[in-house]
Amino acid sequence: SGTYTAKLTVSTDSGCTNYAYNQVLVRPLPEPNFTPLTGCQNLNIKFSNNTITKVDSAVNFIWNFGDGTQAINLSTYQPINHQFTQSGQFNTVLTSTDIHGCSDSIAQSFNVRPSPIADFINSEVCNGTAVSFADNSTTLPYNPIQTYYWSFDSLAHSLSSSPFHIFSAPGYHPVTLSVTALNGCTDTITKNIQVHAFPVANYTHDTACIGFPTNFYDNSTLLNDSIIEWLWHFGPGFKSARLGELPNFKTSKLQNNNQQTFSFNDTLWHQVELLVTSNAGCQDTVNKQIKVHPNPTAAFSTDKEYGLPPLEINFINETANSQQPTANSYLWNFGDNNQSIIQSPFHIYTDSAIFHPLLTATNTYGCWDTISHPIYVIYAAIDIAITNVLAEINDGFISYSAQITNYGKQNIKEIELKAKYNAGFEISEAWSGTLLSGETMIYNFKSKAQIPANEQIKYICITADLPKDAPQPDEKPS
């Protein structure tokens with residue numbers, strides 16, 4: 001480069017000659033150069049542009065890294081970053097051009113060293129338990145990993161290949177592992193590690209009434225995971241809630257109805273325990289004391305069971321309460337689409353049919369009981385028959401027994417009976433109870449009649465009839 005004088009000689013065919021001189025400036029080429037000449041696979045390599053220009057600055061640089069990628073850097077001498085995804089030798093070329101368009105190139109062999117691939121595995125744990133970590137990185141056999149650097153939540157660190165760490169709370173925690181191989185190349189990986197929360201076991205329940213199914217509703221909560229198993233224990237007193245220790249644990253999958261039912265057969269306090277397990281195996285239990293309440297014993301009678309419409313019936317509420325509190329509400333369903341909430345109501349049946357009035361008695365706990373008796377609003381014949389007569393004489397006294405059959409269609413609750421022999425003293429007695437239609441019973445008279453000395457028994461007469469105030473007479477008295 002430099003300034004040179006150029007001479008131009010011109011000659012004609014007649015031998016005439018002339019000369020011309022001019023100054024020519026030859027500009028120097030830029031001298032491209034770069035560093036470094038080695039780096040690690042998959043890591044950013046900062047190439048420093050070391051181009052030298054003697055007069056004017058270079059304004060354009062073209063990088064060809066030899067791996068199929070190219071970059072143009074218009075900022076004078078600014079470094080440039082590049083990653084090689086493969087290891088090996090790459091012919092890297094830098095072309096530098098100055099403001100006058102003068103350019104030159106340099107090609108150098110760049111050595112890309114193989115990098116390890118960082119990875120790790122860890123155990124799944126519940127909150128408060130140490131998580132175990134194990135290096136799972138890969139590298140070439142001749143390039144083993146030399147160092148490990150772990151970072152847990154950016155707060156704690158470890159240089160072990162298989163460390164343990166207890167996190168302060170459940171949830172997701174960033175864990176970073178950086179590994180360095182024998183050739184000095186490194187790799188780093190960060191994963192969000194889940195520390196599984198314990199579920200918070202809880203449930204609600206309906207009022208517990210003896211003998212009735214009580215609904216228990218799972219109300220447990222859990223962060224990030226899901227509950228997959230529910231184990232219930234229903235029993236008196238307190239017991240442990242560890243799986244397998246209780247023989248009467250009841251397993252339930254509640255994804256569909258989210259509830260469990262159980263019937264208690266006494267009115268004690270019961271310890272009801274729920275053990276819930278998450279999909280990660282984390283468990284929690286809750287124990288609650290459940291009081292089982294007594295039920296009222298619904299009962300009623302009527303002043304009539306049979307009759308023709310319109311049939312007026314007085315319902316007598318005879319509900320008993322084995323324990324406090326007593327029933328405090330009543331619902332009558334008379335069977336003819338009519339209802340009442342009166343304790344002992346009066347009702348008129350206007351149609352002919354067999355009705356089944358239902359009484360539901362409820363106490364202050366909400367426990368209830370029902371009872372039903374048929375009412376026959378139809379014509380029903382009454383027919384009581386003495387089907388056999390027995391007598392026994394002992395020490396001058398005669399005692400009577402009678403076999404009585406209900407041939408009618410109504411149940412008999414009261415009977416007036418009379419017994420005598422010959423034309424002697426007549427015994428009258430009354431029976432009360434329930435003799436169903438078609439049934440037979442034996443009635444033994446309580447009283448005895450004295451027989452005069454030397455009197456012969458010629459006949460015995462026993463009669464059975466309804467009381468005189470019965471609403472319907474016996475159609476075939478006997």
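Hydrogens, waters and symmetry mates play no part in the numbers below; they use all other heavy atoms, side chains included.
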(request) Heavy atoms only: give me the nearest Ser137-Val179 pair and the separation to one decimal. (result) OG-CG1, 3.8 Å
(message) With a 4.5 Å cut-off on side-chain heavy atoms, are Val175 and Lys191 touching?
(response) no
(message) Contact between Cys102 and Pro30 at the side-chain level, heavy atoms closer than 4.5 Å - yes or no?
(response) yes
(message) Ignoring hydrogens and geometry beyond distance, is a side-chain donor-acceptor pair present between Asn44 and Asn81 at under 3.5 Å?
(response) no
(request) Specify whether Phe110 and Phe84 have parallel, tilted or perpendicular ring planes, treating 30° as the upper limit for parallel and 60° as the lower limit for perpendicular. (result) parallel
(request) Give a yes or no on whether the backbone of Gln78 and the side-chain of Asn49 come within a donor-acceptor separation of less than 3.5 Å. (result) no
(message) For the aromatic rings, using the six-membered ring if either is Trp, is the centroid distance between Phe133 and Trp150 under 6.0 Å?
(response) yes
(request) Locate the shortest heavy-atom distance separating Ser123 from Ala130; write the atom from each residue and the value. (result) OG-O, 4.4 Å
(request) Verify the neighbour count for atom NZ of Lys288: are there more than 12 heavy atoms of other residues, nucleotides or ligands below 6.0 Å? (result) yes
(request) Say whether, by atom type as modelled, one donor and one acceptor occur between the side chain of Gln41 and the main chain of Ser115 under 3.5 angstrom. (result) yes
(message) Please report the interatomic distance CD(Gln194) to CD(Glu124), rounded to the nearest 0.5 Å.
(response) 7.0 Å
(request) Working to the nearest 0.5 Å, report the span between OG of Ser178 and CD1 of Ile145. (result) 11.0 Å
(request) Evaluate whether atom CD1 of Ile117 has more than 12 neighbouring non-hydrogen atoms of other residues, nucleotides or ligands under 6.0 angstrom away. (result) no
(message) For Ser151 and Thr176, which I'm curious about, is there any donor-acceptor pair between the side chains at under 3.5 Å?
(response) no
(message) Looking at every heavy atom in both Ile384 and Ile412, which two are closest together, and how far apart are they?
(response) CD1-CG2, 4.1 Å
(request) Work out which heavy atom in Pro374 is nearest to a heavy atom in Ile354; give both atom names and the distance. (result) CB-CG2, 4.4 Å
(message) Rounded to the nearest 0.5 Å, what separates atom CZ in Phe262 from atom CZ in Phe216?
(response) 8.0 Å
(message) For Lys409, is the NZ atom crowded, meaning more than 12 foreign heavy atoms sit under 6.0 Å from it?
(response) no
(message) So does Tyr407 get a backbone contact from the side chain of Thr405, meaning a donor-acceptor N/O pair under 3.5 Å?
(response) no
(request) Would you give the length of the straight line joining atom OG1 of Thr129 to atom CD1 of Ile166, rounded to the nearest 0.5 angstrom? (result) 7.5 Å
(message) Closer than 3.5 angstrom, by distance alone: can the side chain of Asn406 be matched with the main-chain N or O of Leu435 as a donor-acceptor pair?
(response) yes
(message) Contact between Ser220 and Leu274 at the side-chain level, heavy atoms closer than 4.5 Å - yes or no?
(response) yes
(message) Please check: side-chain N/O of Thr139 versus main-chain N/O of Pro116, any donor-acceptor pairing under 3.5 Å?
(response) no
(message) Just by distance, no angles: are the side chains of Ser48 and Asn50 close enough, under 3.5 Å, to form a donor-acceptor pair?
(response) no
(request) Could you tell me the separation between the CZ atom of Arg113 and the CG atom of Leu140, rounded to the nearest 0.5 Å? (result) 13.0 Å
(message) On a heavy-atom basis, which atom in Ala118 and which in Leu177 lie closest, and how many Å separate them?
(response) CB-O, 4.1 Å
(request) For Ser437 and Gly408, indicate whether the former's side chain and the latter's backbone hold a donor-acceptor pair under 3.5 Å. (result) yes
(request) Mind listing the closest non-hydrogen atom pair of Asp284 and Pro199 along with its distance? (result) CB-O, 2.9 Å
(message) Within the 4.5 Å heavy-atom criterion, are Thr147 and Leu159 side-chain neighbours or not?
(response) no
(request) Tell me yes or no: between the side chains of Asp67 and Thr85, is some donor less than 3.5 Å from an acceptor? (result) no
(message) Can you confirm if the aromatic rings of His270 and Phe234 lie within a centre distance of less than 6.0 Å?
(response) no
(request) Please check if any side-chain donor atom of Gln283 sits under 3.5 Å from a side-chain acceptor atom of Thr277, or the reverse. (result) yes
(message) Could you check whether any side-chain heavy atom of Glu429 comes within less than 4.5 Å of a side-chain heavy atom of Tyr443, counting everything from C-beta outward?
(response) yes
(message) Using side-chain contact (heavy atoms from CB on, under 4.5 Å), reason through Asn202 and Thr221 one step at a time and then give a plain yes or no.
(response) CA-CA 8 Å; Asn202 194 19; Thr221 56; over 6 Å; no
(request) Look only at the side chain of Trp232 and the backbone of Val272, and say whether a donor-acceptor pair between them is shorter than 3.5 Å. (result) no
(message) Within the structure provided, determine whether His293 and Asn363 are in side-chain contact (heavy-atom separation under 4.5 Å).
(response) no
(message) Under 3.5 Å, is there a donor on one side chain and an acceptor on the other for Asn183 and Tyr142?
(response) no
(message) Checking Phe334 against Ser340 for the side-chain contact (heavy atoms from CB on, under 4.5 Å) test, could you report, in this order, the C-alpha distance in whole Å, the side-chain angles of both residues, the deciding distance, and whether it holds?
(response) CA-CA 8 Å; Phe334 297 112; Ser340 175; 3.7 Å; yes
(request) Check for a donor-acceptor pair, side chain of His373 on one end and backbone N or O of Phe300 on the other, with a separation under 3.5 Å. (result) yes
(message) Looking at Asp369 and Ala298, would you say the former's side chain and the latter's main chain have a donor-acceptor pair under 3.5 Å?
(response) yes
(request) Rounded to the nearest 0.5 Å, what's the gap from CG on Leu331 to CD1 on Ile341? Could you check? (result) 8.5 Å
(message) How about CD1 on Ile442, more than 12 heavy atoms from neighbouring residues, nucleotides or ligands closer than 6.0 Å, or not?
(response) yes
(message) Donor-acceptor pair, distance only, cut-off 3.5 Å: does the side chain of Gln108 make one with the backbone of Phe34?
(response) yes
(message) Below 30° counts as parallel, above 60° as perpendicular, anything between as tilted: where do the rings of Tyr376 and Tyr306 land?
(response) parallel
(request) Given side-chain contact (heavy atoms from CB on, under 4.5 Å), test His173 with His165 step by step and report yes or no. (result) CA-CA 11 Å; His173 300 267; His165 183 70; over 6 Å; no
(message) Is there a side-chain contact between Leu359 and Asn317 in this structure, where contact means two heavy atoms from C-beta onward sitting under 4.5 Å apart?
(response) yes
(message) As a quick check of understanding, evaluate side-chain contact (heavy atoms from CB on, under 4.5 Å) for Val112 and Phe65, giving each step before the final call.
(response) CA-CA 11 Å; Val112 179; Phe65 298 102; over 6 Å; no
(request) Step through it carefully: locate the ring centre of Tyr149, locate the ring centre of His157, and say whether they are under 6.0 Å apart. (result) yes
(request) Would you indicate whether the side-chain heavy atoms of Ile382 and Leu466 approach each other to under 4.5 Å? (result) yes
(message) Is it true that Gln260 and Tyr203 share a donor-acceptor pair across their side chains at a distance under 3.5 Å?
(response) no
(request) Check the angle between the aromatic planes of His347 and Tyr349 and answer parallel, tilted or perpendicular using the 30° and 60° thresholds. (result) perpendicular
